[in-house]
Amino acid sequence: MIPLINLRRQFAFIKKELMQEIEEVIESGQYILGRRVKELEEKIKERLEVSDAIGVGNGTDALLLILEGFGIGPGDEVITTPFTFFATAEAISRAGAKPVFVDIDPVTYNLDMSRVEEAITPRTKAILPVHLFGQPADMEPLQEAARRHSLFLFEDACQAFGATYRGKPVGSLGDAASFSFFPTKNLGTLGDGGLVATSHQGVAERIRLLRQHGSRRKYEHEKIGMNSRLDEIHAAVLLLALKEIDQWNRLRREKVAIYLAELADLPFLTLPRVGEGREPVWHLFSVEVESREMVRKFLQDRGIETGVYYPLSLHLQEAYRSLGYKEGDLPVAERVSKRILALPLSPFLSEAEQEQVISALREYGKKEGGSGK
Ligand SMILES: *Cc1c(COP(=O)(O)O)cnc(C)c1O
């Protein structure tokens, strides 16, 4: 079976060094928020050119801590995309605010900038775009809208470590950004982990308090916080992965370039396109197809795993029924969620494996997909 994401190979690649690091962590006697977490925070902060990087428990908490850190809560609205992992909207709701979903751009699948402005109300406090599948959202018009309406602009960069927008790294393009180190993310660890990046130093200090029970000194609590910290073992994994990430992202781009060239003439596939000025990291390589289940089964029968991110737009989720959206409200997100299909991609997808995926799709095209899009 060709897996959608080959994590075993990725971790095997750093395993030798990692085992030694893990032994050192064990010896050190310090397992949470220790020197490795500090080193990781320093390295990421320098790379992103932000004043603060704060290691936290996971990407969802990173979003929640950003929202709470900037004082967003009950009565506030946050504009976001319905075509993302649930956590983006969930964090807004957890903070006590209301997610306001705006439809997506049919080409890049990111927030449709032309529709953001009309969704702004007196209660809007922030815009939260997602750099979906590793492709940066169109940040410049969002930065302008945020400035014009005095809103915060946050980035959900959980799928996009290393991506750039007009030469600048994602994570440095708004007031704060969240990263996730969930194993399948392009920069992942062997469990849960996350990070907040921001250049608002005052807020950064508040987030550092909030991640650790609102406490600066043990057993003195200034705020009601939470427990959301990064572990030393995860920091050790991430420090090793960070050394490889540019190479891994480059490998992803090379493989995507091959997919794009080799699949370009297949009429039953709509290939992803990259917006101007953006360099994606291809956390996932998703195409659009009309008869998704047929294509999936065809590939499955040939030993090829595929994935669907995401099958149901967030505005139609049961959990958000109370918001009152109905089918047809956000037609682009709804259409794309029915057609989207992720093909195997990871830095360690071999040439032979990719060739197999490509020929299987070409074979499908000959047999059943000839009837156009
Ligand atoms: C993974 C992900 C999250 C949540 O990150 P966790 O570390 O799993 O909590 C949030 N937003 C997006 C877009 C993600 O892909």
Side-chain angles (χ1 to χ4, degrees), residues 4-5 7 37 40 44 53-68 78-95 99 101-102 104 108-111 126-137 139 142 153-163 170-171 173-174 176-197 207 211 226-231 233-235 237-238 241 252 280-286 307-315 317 319-320 333 336-337 340 342 345-346:
L4 185 67
I5 300 173
L7 287 179
V37 172
L40 182 75
I44 291 181
I54 306 155
V56 299
N58 55 68
T60 310
D61 284 354
L63 286 166
L64 177 59
L65 285 161
I66 288 169
L67 293 162
E68 291 195 336
V78 178
I79 291 172
T80 194
T81 164
F83 190 57
T84 175
F85 180 54
F86 187 67
T88 312
E90 190 181 32
I92 296 169
S93 304
R94 268 280 150 217
F101 297 115
V102 165
I104 55 167
T108 65
Y109 311 135
N110 280 319
L111 258 187
I127 310 173
L128 173 54
V130 176
H131 304 310
L132 196 76
F133 305 151
Q135 168 159 203
M139 293 301 285
L142 291 172
L153 176 59
F154 304 131
E155 300 168 78
D156 183 336
C158 287
Q159 304 185 355
F161 192 95
V170 305
L173 304 167
S178 66
F179 288 95
S180 165
F181 305 131
F182 185 79
T184 60
K185 306 293 159 122
N186 71 314
L187 178 62
T189 183
L190 296 165
D192 279 311
L195 184 126
V196 173
I207 290 175
R211 81 170 161 183
M226 60 199 276
N227 176 6
S228 185
R229 301 173 295 214
L230 192 60
D231 299 339
I233 285 195
H234 294 310
V237 178
L238 290 163
R252 286 174 186 274
V281 290
W282 303 107
H283 160 64
L284 290 167
F285 180 73
S286 286
V308 174
Y309 307 88
Y310 298 89
L312 185 61
S313 182
L314 297 191
H315 70 290
Q317 296 283 350
Y320 281 127
V336 172
S337 61
I340 201 84
L345 178 72
S346 47

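Position 1 is the first residue of the sequence, and the numbers go up from there. Computed from heavy atoms alone, side chains included, the values below leave out hydrogens, waters and symmetry copies. For ligands, and for the atoms within them, numbers begin at 1 and follow the listed sequence.
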Results of side chain to side chain contact (heavy atoms under 4.5 Å, CB included) for His315 - residues two or more places apart only: Pro82, Phe101, Ser313, Tyr325, Asp329, Leu330, Glu334

Looking at Asn58, which atoms of ligand 1 are within less than 4.0 Å of one of its heavy atoms? 7 (O), 9 (O)

Looking only at heavy atoms, which two atoms of Leu173 and Glu155 are closest? And how far apart? N-OE2, 2.8 Å

Contacting atoms of ligand 1, where contact means under 4.0 angstrom from a heavy atom of Thr60: 4 (C), 5 (O), 6 (P), 9 (O)

Give yes if a backbone or side-chain nitrogen or oxygen of Asp61 is under 3.5 Å from a nitrogen or oxygen of ligand 1, and no if not. no

Counting from 1 in the order shown, the ligand 1 atoms closer than 4.0 Å to a non-hydrogen atom of Asp156 are 10 (C), 11 (N), 12 (C), 13 (C)

Could you say whether the N/O atoms of Val130 and ligand 1 ever approach to under 3.5 Å? no

Tell me the closest heavy-atom pair linking Gly59 and Ser178, and the distance in Å. O-CB, 4.2 Å

Residues in side-chain hydrogen bond (donor to acceptor under 3.5 Å, both in side chains) with His283, at least two apart? none

Give yes or no for whether the N/O distance cutoff of 3.5 Å, strictly under, is met between Lys185 and ligand 1. yes

Quick one about Tyr109 and Ser286 (side-chain donor to acceptor, distance below 3.5 Å, no hydrogens or angles considered), yes or no? no

Please state which part of Thr84 comes within less than 4.0 Å of ligand 1, counting heavy atoms only: side chain, backbone, both or neither. side chain

List the atom of Tyr309, the atom of Phe83, and the distance in Å for their closest heavy-atom pair. O-CZ, 3.6 Å

Given Pro183, Gly191, Gly193, Ser180, identify the one with the heavy atom nearest to atom 7 (O) of ligand 1. Ser180

